[in-house]
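To find a chain, count down the sequence lines: A is the first, B the second, and so on, and within it residues start at 1.
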There are 2 protein chains.
Amino acid sequence: MTQTPERLTKGERTRRRILHTALEIFAERGYAGVSLREVASRAGITHAGLLHYFTGKDDLLLTMMIERDRAEIEAIRSYVAAGTGPSSVEQIIVRWMIRDIARNQSRPDIAPLFVKLSTEATESGHPAYDYFRGRYIRLRETLARGFAYEFAAAEPPVEGRDPGLCAQQFIALADGLQVQWLLDPESTDMVASLLDYLGILGIDAEGWADIAVPEDRSA
Amino acid sequence: MTQTPERLTKGERTRRRILHTALEIFAERGYAGVSLREVASRAGITHAGLLHYFTGKDDLLLTMMIERDRAEIEAIRSYVAAGTGPSSVEQIIVRWMIRDIARNQSRPDIAPLFVKLSTEATESGHPAYDYFRGRYIRLRETLARGFAYEFAAAEPPVEGRDPGLCAQQFIALADGLQVQWLLDPESTDMVASLLDYLGILGIDAEGWADIAVPEDRSA
DNA sequence: GTCTATATTCCGATAGAC
DNA sequence: GTCTATCGGAATATAGAC
């Protein structure tokens, strides 16, 4: 399904280059503050050329978000399907998120993007409002199943905690820590803070930031 | 020091009306996506009229943030100074924040403002970057002292927890919950989630959302 | 598939009348 | 203190050449 870059048409390569550039710039400066001209310029074409591939700024944003999500989901599924250990998504999702944040803390990439765009998109009527709403709901559900698994797997098992509430708190913590980290990286160790939270819950998450998962090939 | 509205000059009233309007609009749509013309229009003047009071868009943003902060700080100080109970800021700051979020959850007002602008301001070079950086540092310090107090006052006292780390987590949680709440209010009870977090730490925060504090008169 | 050229709208900011 | 008028620039988007 996923072709190697060498086999792609010139148009498809340009399209991917635009998406990659858009991701970088939106991550740096949000959505409203960025112009198509700037994205096009950094991608090596004019803004009119860019509009050959996307109908407008909104389309570029949503396409980028959706493709990014799909790549991430496929990476998780293929890791699980590889069968080297865990055999379902809920057995790995909490660890995956920890590792994801650890990787982003050492090499900032797309994490700022989601925080900036999600807050910007909270205005109803924003082009990505529905997308983010659905994304948070899905993530919360997946993570809730992950917490239910971790609670049962913990030694001793954790009882009396609501997995859904913990999922909500975990996501909120990850988002909020991102803001503090971007403003003041030296004072904020996101991974340590998240592991500490899991520790409070009764989950021993030692070493979860280092679990080996395949690098995903970004768009 | 603070005059009643009736005694203000016409210019001062206009100035405050502009600040109030700016707060509303920035809270709705962030900074980059808002024009001075729109703020001015909703305040009942032209954008040229607005620029009689502020040197530019950046000035409007920073003045608004700083005055908002000052009003909040003064409200806390005057409550403490009233001497009806707690005699220092650290004895009330955690409860104050809970009540503040409870009030904002029932009557959304300025809470979205800080989440949206702070993420937008994480780009270095943003006009409010330094402001937010300093704000988070100060808030974290104040809240850390608050947690140290609450840990000592808890029954039984909480031991072995780092107040600074808890302050960081509490702020992150509040910010992150705000995003989920704005996207999906029905699924997110911010106050319940924060009280649950305090409960995990060993702090019984029952009823903290209902503590009586004087309404602050907003700008 | 990408360009130039352009239409249209809106931006922040200034000058100066009243 | 607030206005009209306007500047210079940049935005999204379209039309059509190559």
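- Contact annotation: the side chain of Leu139(B) approaches that of Met97(B) to within less than 4.5 Å [non-hydrogen atoms, C-beta and beyond].
- Residue-to-nucleotide proximity on DNA chain D shows that, of Thr46(B) and Leu51(A), the 5′-proximal contact is made by Thr46(B).
- Backbone-only engagement by Val34(A) is indicated by non-hydrogen atom pairs under 4.0 Å involving sugar-phosphate atoms exclusively.
- Scanning atom types as modelled, no donor and acceptor separated by under 3.5 angstrom connect the side chain of His47(A) and the base of dA11(D).
- One finds a salt bridge joining Glu28(A) and Arg42(A) here, because a Lys/Arg side-chain nitrogen approaches an Asp/Glu carboxylate oxygen to under 4.0 Å.
- Across the interface with DNA chain D, nearest-nucleotide mapping of Gly49(B) and Lys57(A) shows Gly49(B) to be the residue nearer the 5′ end.
- Using a 4.0 Å heavy-atom distance criterion, Leu36(A) is classed as a sugar-phosphate-only contact.
- Put simply, CG on Leu50(A) is 13 Å from P on dT14(D), counting in whole angstrom units.
- Distance CZ (Arg17(B)) to C1' (dG1(D)): 11 Å, rounded to an integer number of Å.
- In this structure, the side chains of Gln178(B) and Phe114(B) stay at 4.5 Å or more apart for every pair of heavy atoms.
- Remark: P of dC3(D) and CD1 of Ile45(B) are 6 Å apart, rounded to the nearest angstrom.
- Atom CZ of Arg37(B) and atom P of dT2(D) are 18 Å apart (whole Å).
- For Arg29(A) and dA10(D), the CZ to P distance is 13 Å, given to the nearest whole Å.
- For Ala48(B), taking side-chain heavy atoms from C-beta onward, the closest of the listed nucleotides dA5(C), dC3(D), dG12(C) is dC3(D).
- Checked against Asp184(B) for a salt bridge (charged side-chain N to carboxylate O under 4.0 Å, His left out), the options Arg138(A), Arg140(A), Arg135(A) give a single hit: Arg140(A).
- Using a 4.0 Å cut-off between charged side-chain N and carboxylate O, Arg16(A) and Glu12(A) make a salt bridge.
- Distances shown here put a side-chain N or O of His52(B) below 4.0 Å from the OP1 or OP2 atom of dG1(D).
- When each of dC3(C), dA15(C), dC11(C) is scored by its nearest atom to the side-chain atoms of Ser35(B), the top-ranked nucleotide is dC11(C).
- Separating the CZ atom of Phe54(A) from the P atom of dA13(D) is a distance of 13 Å, rounded to the nearest angstrom.
- The CG-C1' distance, from Asp58(B) to dC11(C), rounds to 14 Å in whole Å.
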